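Single-structure report; data block below.
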Protein chains: 2
Amino acid sequence: MGVVRKTKHLEQVLRVFRQSSDPLSARMLLDALPNEVNKSTVYRMLDKLEDDGVIHSFMTLEHIRFYALCKGCSSGQRVDSHAHFQCTSCKRVSCFSDEIVLPIPEKARITSVQVLFTGQCQSCLS
Amino acid sequence: MGVVRKTKHLEQVLRVFRQSSDPLSARMLLDALPNEVNKSTVYRMLDKLEDDGVIHSFMTLEHIRFYALCKGCSSGQRVDSHAHFQCTSCKRVSCFSDEIVLPIPEKARITSVQVLFTGQCQSCLS
DNA sequence: ACATTGTTGCAACCCAGTTGCATTAATTTT
DNA sequence: AAAATTAATGCAACTGGGTTGCAACAATGT
């Protein structure tokens, strides 16, 4: 189905994503939006944007879903092995710039791969 | 901290894991245990087993945590890039037999990598 | 057998995410 | 431009995975 109408909220959501270098959770997005938006609305927008291939999502080990813009993902053949990283100390989530090359197994029809590295980031190490 | 005492529940949990070829969620484990066990107890056992490096966990896209025995993982230097697969149709989760070789990024001290393939499994394709 | 202390069960709780429904607002039709 | 259509929104209640504090219980050391 996906997004059909251009609403103010939608524009604001996209602006927040564009301005953020890191992936965002629904909560973070909710806090970042300029005016009050209901959380159901935010979840619904995120769902639709993901359906449309505008953003993609992945789960962190704290069972929180994070969303990020699909920059390179051609929404047709999407095996975007784009990887993410979460620092176990500060919990911050970020994207890995390098594309990860993964061997796609034969056994199944793979449509996506999510890769999450965990460990300590630079600033938490020092 | 980890597990200290050998209780009946603990033995049963380990038996269930050994008998299962697939990773298990807390709920599935709860259902598979022969006698009634409180869910808090199960979650606590899982936490401790993971601390001890006996099992490892990962999140599915439905934000459910799955656990599996660490077969090859030496609990010392553990960058176990063991991959999992979830079928988007039947939701079943399984382990990939092939070890995935991943380039470990320099920027951070990586301690673990989780890889989750999603798509359709053999039986759902036919 | 007893003391110690890790483990369990219980109930209440937290929080991410969902749902049904009435209302509002973006688009289309006239 | 106003009316009709229908997607998007807000609200409140709900679901379900996972956690927590505490009293009761049971595995281990002496």
Side-chain angles (χ1 to χ4, degrees), chain A residues 1-17 23-52 54-68 84 86 88 91-93 114 116 118, chain B residues 1-16 23-52 54-68 84 86 88 91-93 114 116:
Chain A
M1 197 195 244
V3 179
V4 178
R5 293 179 184 181
K6 287 170 194 167
T7 73
K8 280 187 180 176
H9 287 164
L10 186 67
E11 290 170 29
Q12 288 172 345
V13 165
L14 290 176
R15 190 174 313 130
V16 170
F17 271 116
L24 301 168
S25 66
R27 176 116 315 249
M28 292 162 78
L29 181 59
L30 220 34
D31 295 340
L33 285 170
N35 35 7
E36 284 297 308
V37 185
N38 191 273
K39 66 170 181 170
S40 312
T41 306
V42 165
Y43 281 115
R44 283 190 279 235
M45 283 192 286
L46 290 171
D47 280 353
K48 290 181 179 174
L49 287 172
E50 189 167 18
D51 277 356
D52 289 356
V54 177
I55 59 179
H56 60 272
S57 75
F58 60 96
M59 301 295 302
T60 64
L61 286 177
E62 283 88 7
H63 61 90
I64 294 174
R65 191 177 230 119
F66 274 74
Y67 300 84
H84 302 97
Q86 183 171 33
T88 51
K91 309 297 180 196
R92 191 177 149 184
V93 176
Q114 58 168 314
L116 181 67
T118 47
Chain B
M1 198 199 243
V3 178
V4 179
R5 294 183 184 177
K6 288 170 193 167
T7 72
K8 279 186 179 176
H9 286 164
L10 185 68
E11 291 171 27
Q12 289 172 345
V13 165
L14 291 175
R15 190 174 313 131
V16 170
L24 300 168
S25 66
R27 175 115 314 248
M28 293 162 76
L29 182 59
L30 220 33
D31 294 341
L33 284 171
N35 35 7
E36 284 298 307
V37 185
N38 192 273
K39 67 169 181 171
S40 312
T41 306
V42 164
Y43 280 116
R44 282 189 280 233
M45 284 192 285
L46 289 171
D47 281 352
K48 290 183 179 172
L49 286 172
E50 190 166 18
D51 277 357
D52 289 356
V54 177
I55 59 179
H56 60 272
S57 74
F58 60 96
M59 300 296 301
T60 64
L61 287 176
E62 284 88 7
H63 60 91
I64 295 174
R65 191 178 230 118
F66 274 74
Y67 300 84
H84 302 96
Q86 183 171 33
T88 50
K91 308 298 180 196
R92 190 177 150 183
V93 175
Q114 58 169 314
L116 181 68

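Computed from a predicted model, the values in this text were never measured in an experiment. The chains referred to below are lettered A, B, ... by the order of the sequence lines, with proteins before strands, and numbering in each begins at 1.
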**Prompt:** What pairs with A/Met59 under side chain to side chain contact (heavy atoms under 4.5 Å, CB included), at least two apart in sequence or on another chain?
**Reply:** A/His63, A/Arg65, B/Met59, B/His63
**Message:** Using whole Å, what does the distance between atom P of nucleotide D/dA8 and atom CG of A/Leu33 come to?
**Reply:** 17 Å
**Request:** Rounded to the nearest angstrom, tell me the gap between atom CZ in A/Phe58 and atom C1' in C/dA16.
**Result:** 16 Å
**Item:** Between C/dG17 (P) and A/Glu50 (CD): distance, integer Å
**Value:** 11 Å
**Asked** Looking only at side-chain N and O atoms, does A/Lys48 come under 4.0 Å of OP1 or OP2 in D/dA8?
**Response** yes
**Complete:** B/Asn35 CG to D/dA26 P, in whole Å, measures 13 Å
Atom pairs and distances, donor-acceptor, side-chain atoms in residues 30-38 of chain B, under 3.5 Å, two or more places apart:
unit_1: B/Asn35; atom_1: OD1; unit_2: B/Gln12; atom_2: NE2; d: 3.4
unit_1: B/Asn38; atom_1: OD1; unit_2: B/Ser40; atom_2: N; d: 2.9
unit_1: B/Asn38; atom_1: OD1; unit_2: B/Ser40; atom_2: OG; d: 3.0

**Message:** Test of understanding: with salt bridge (Lys or Arg N to Asp or Glu O under 4.0 Å), list the residues that count as partners of B/Arg92, not counting sequence neighbours.
**Reply:** B/Asp22
**Prompt:** Whole Å only: how far is the CG atom of B/Leu10 from the P atom of C/dT7?
**Reply:** 9 Å
**Prompt:** Which whole-number value in Å describes the distance from B/Met28 CE to D/dG17 C1'?
**Reply:** 15 Å
**Fill in**
A/Lys91 meets the salt bridge (Lys or Arg N to Asp or Glu O under 4.0 Å) criterion, sequence neighbours left out, with A/Glu62
**Asked** Could you state the CG-C1' distance from A/Leu30 to D/dG10, rounded to the nearest angstrom?
**Response** 13 Å
**Message:** Just so I know, are the side chains of B/Val42 and B/Val13 near enough to count as touching, which here means a heavy-atom distance under 4.5 Å?
**Reply:** no
**Request:** Kindly indicate whether the side chain of A/Tyr67, heavy atoms from C-beta on, has any atom under 4.5 Å from the side chain of A/Ile55.
**Result:** yes
**Request:** Could you tell me whether the side chain of A/Phe58 reaches within less than 4.5 Å of the side chain of A/Val93, counting heavy atoms only?
**Result:** yes
List, with names and distances, any nitrogen or oxygen atoms from the protein found under 3.5 Å away from nitrogen or oxygen atoms belonging to nucleotides 27-30 of chain C.
unit_1: C/dT27; atom_1: OP1; unit_2: A/Lys6; atom_2: N; d: 3.0

**Asked** Taking A/Glu50 for the side chain and A/Ser57 for the main chain, is one N or O donor matched with an acceptor at less than 3.5 Å?
**Response** yes
**Message:** For A/His56 and A/His84, take the angle between the two ring planes, folded into 0 to 90°, and tell me which bin it lands in: parallel under 30, tilted 30 to 60, perpendicular over 60.
**Reply:** tilted
Atom pairs under 3.5 Å, N or O on each side, protein against nucleotides 18-21 of chain D: can you list them with distances?
unit_1: D/dG18; atom_1: OP1; unit_2: B/Arg65; atom_2: N; d: 3.1
unit_1: D/dG18; atom_1: OP2; unit_2: B/Tyr43; atom_2: OH; d: 3.0
unit_1: D/dG18; atom_1: N7; unit_2: B/Lys39; atom_2: NZ; d: 3.1
unit_1: D/dG18; atom_1: O6; unit_2: B/Lys39; atom_2: NZ; d: 2.7
unit_1: D/dT20; atom_1: O4; unit_2: B/Ser40; atom_2: OG; d: 2.9
unit_1: D/dG21; atom_1: O6; unit_2: B/Arg44; atom_2: NH1; d: 3.4

**Request:** Return the value, rounded to whole Å, for the distance between atom CE of A/Met45 and atom C1' of D/dA7.
**Result:** 13 Å
